[in-house]
Amino acid sequence: MSWDPVYRFVQRIPRGSVLTYGALARALRLPGGARSAGRAMAATPSGKGIPWHRVVGERGKILIREPYASLQKKLLESEGVKIVESRVDLRRHLWKPSRKAPLKHKVTRKRTRK
DNA sequence: CATCTGACGACCG
DNA sequence: GCGGTCGCCAGAT
């Protein structure tokens with residue numbers, strides 16, 4: 001599975017903003033929905049400047065487990081994102097992707113049904 | 001090939 | 001708001 005489109009999209013999230021797995025999945029039409037977004041993020045290649053920490057759960061909650069949860073919180077706070085009870089204030093930081101079709105490349109997926 | 005396991009989220013009580 | 005169940009589906013075992 002090539003998650004490249006996901007990573008490219010995540011890289012567009014501006015500093016100080018966050019996106020939810022669900023929104024990410026919907027924006028890219030990921031087969032499998034939010035959970036696919038989660039799988040993609042779990043496989044995020046490190047050292048490529050991908051701001052993986054800007055992706056949180058539907059209600060702004062940090063869903064990843066330790067030790068990464070702490071790192072994510074730290075990274076977000078360093079960008080000015082306030083976190084309360086492991087939760088981001090989505091009303092202030094949720095990023096609204098531009099409606100400019102971000103789907104230049106479709107996410108490739110294994111054929112489930114032929 | 002059979003099962004299990006999630007960086008999810010909708011639903012329900 | 002919280003916890004449990006369920007659908008989802010790629011990888012790992």
Side-chain angles (χ1 to χ4, degrees):
Chain A
M1 177 65 71
S2 171
W3 299 117
D4 278 24
V6 179
Y7 304 139
R8 280 197 292 277
F9 196 74
V10 168
Q11 287 201 298
R12 297 174 35 186
I13 304 175
R15 261 180 74 91
S17 296
V18 300
L19 201 53
T20 66
Y21 296 97
L24 184 54
R26 287 192 295 274
L28 296 173
R29 313 261 160 116
L30 298 182
R35 211 148 186 189
S36 281
R39 280 199 303 276
M41 296 318 292
T44 300
S46 56
K48 302 207 168 152
I50 297 171
W52 58 270
H53 58 283
R54 294 181 189 147
V55 184
V56 299
E58 189 59 26
R59 306 189 317 275
K61 195 164 188 178
I62 287 179
L63 301 175
I64 190 176
R65 301 200 190 274
E66 295 295 343
Y68 300 103
S70 296
L71 176 59
Q72 178 169 26
K73 178 179 176 183
K74 186 172 127 187
L75 289 171
L76 286 173
E77 291 181 323
S78 74
E79 300 184 348
V81 176
K82 184 182 178 185
I83 295 177
V84 181
E85 305 287 302
S86 292
R87 192 167 294 183
V88 172
D89 182 349
L90 287 185
R91 315 221 296 190
R92 276 201 324 175
H93 304 288
L94 181 61
W95 178 55
K96 284 150 190 154
S98 69
R99 35 310 220 171
K100 269 302 192 186
L103 287 81
K104 281 259 166 114
H105 316 279
K106 242 185 138 200
V107 171
T108 59
R109 94 200 265 219
K110 269 185 197 161
R111 206 74 50 115
T112 295
R113 344 169 327 187
K114 95 175 131 46

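Because the structure is predicted, anything quoted here is derived from the model rather than measured. Here is how names work: the chains are called A, B, and so on, in the same order as the sequence lines, proteins then strands, and each is numbered from 1.
With a 4.5 Å cut-off on side-chain heavy atoms, A:T44 and A:V10 do not count as touching. The shortest distance between side-chain heavy atoms of A:H93 and A:V18 falls below 4.5 Å. Using a 4.5 Å heavy-atom threshold, the side chains of A:I64 and A:H53 count as separate. Counting heavy atoms from C-beta on, the side chains of A:I83 and A:E77 come closer than 4.5 Å.
Ring geometry, A:W52 versus A:Y68: the interplanar angle exceeds 60°, so the pair is classed perpendicular (tilted spans 30 to 60°).
Ranking B:dA7, C:dC2, B:dG9 by closeness to the A:A34 side chain, first place goes to B:dG9. Proximity note for A:R35 (side chain, C-beta onward) versus C:dA10, B:dA7, C:dC8: the nearest is C:dC8. For A:I64, the listed nucleotide lying nearest its side chain is B:dA7; candidates were B:dG9, C:dG11, B:dA7. With B:dA10, B:dC8, C:dG11 as the candidates, the nucleotide lying closest to the side chain of A:L63 is B:dC8. Comparing B:dG9, C:dG11, C:dC2 against the side chain of A:R87 picks out C:dC2 as the nearest. Looking at the side chain of A:R39, the nearest of the listed nucleotides C:dC2, B:dG6, B:dG9 is B:dG6.
When heavy atoms are screened at a 4.0 angstrom cut-off, A:G22 is found touching the sugar-phosphate backbone but no base atom.
The side chain to side chain donor-acceptor pair (under 3.5 Å) with A:S70 is formed by just one residue from the set A:K73, A:K74, A:E66; it is A:E66.
Going from atom CG of A:L90 over to atom P of B:dC8 covers 15 Å, rounded to whole Å.
For DNA chain C, no neighbouring residue in residues 40-50 of chain A is found when judged by any heavy atom under 4.0 Å.
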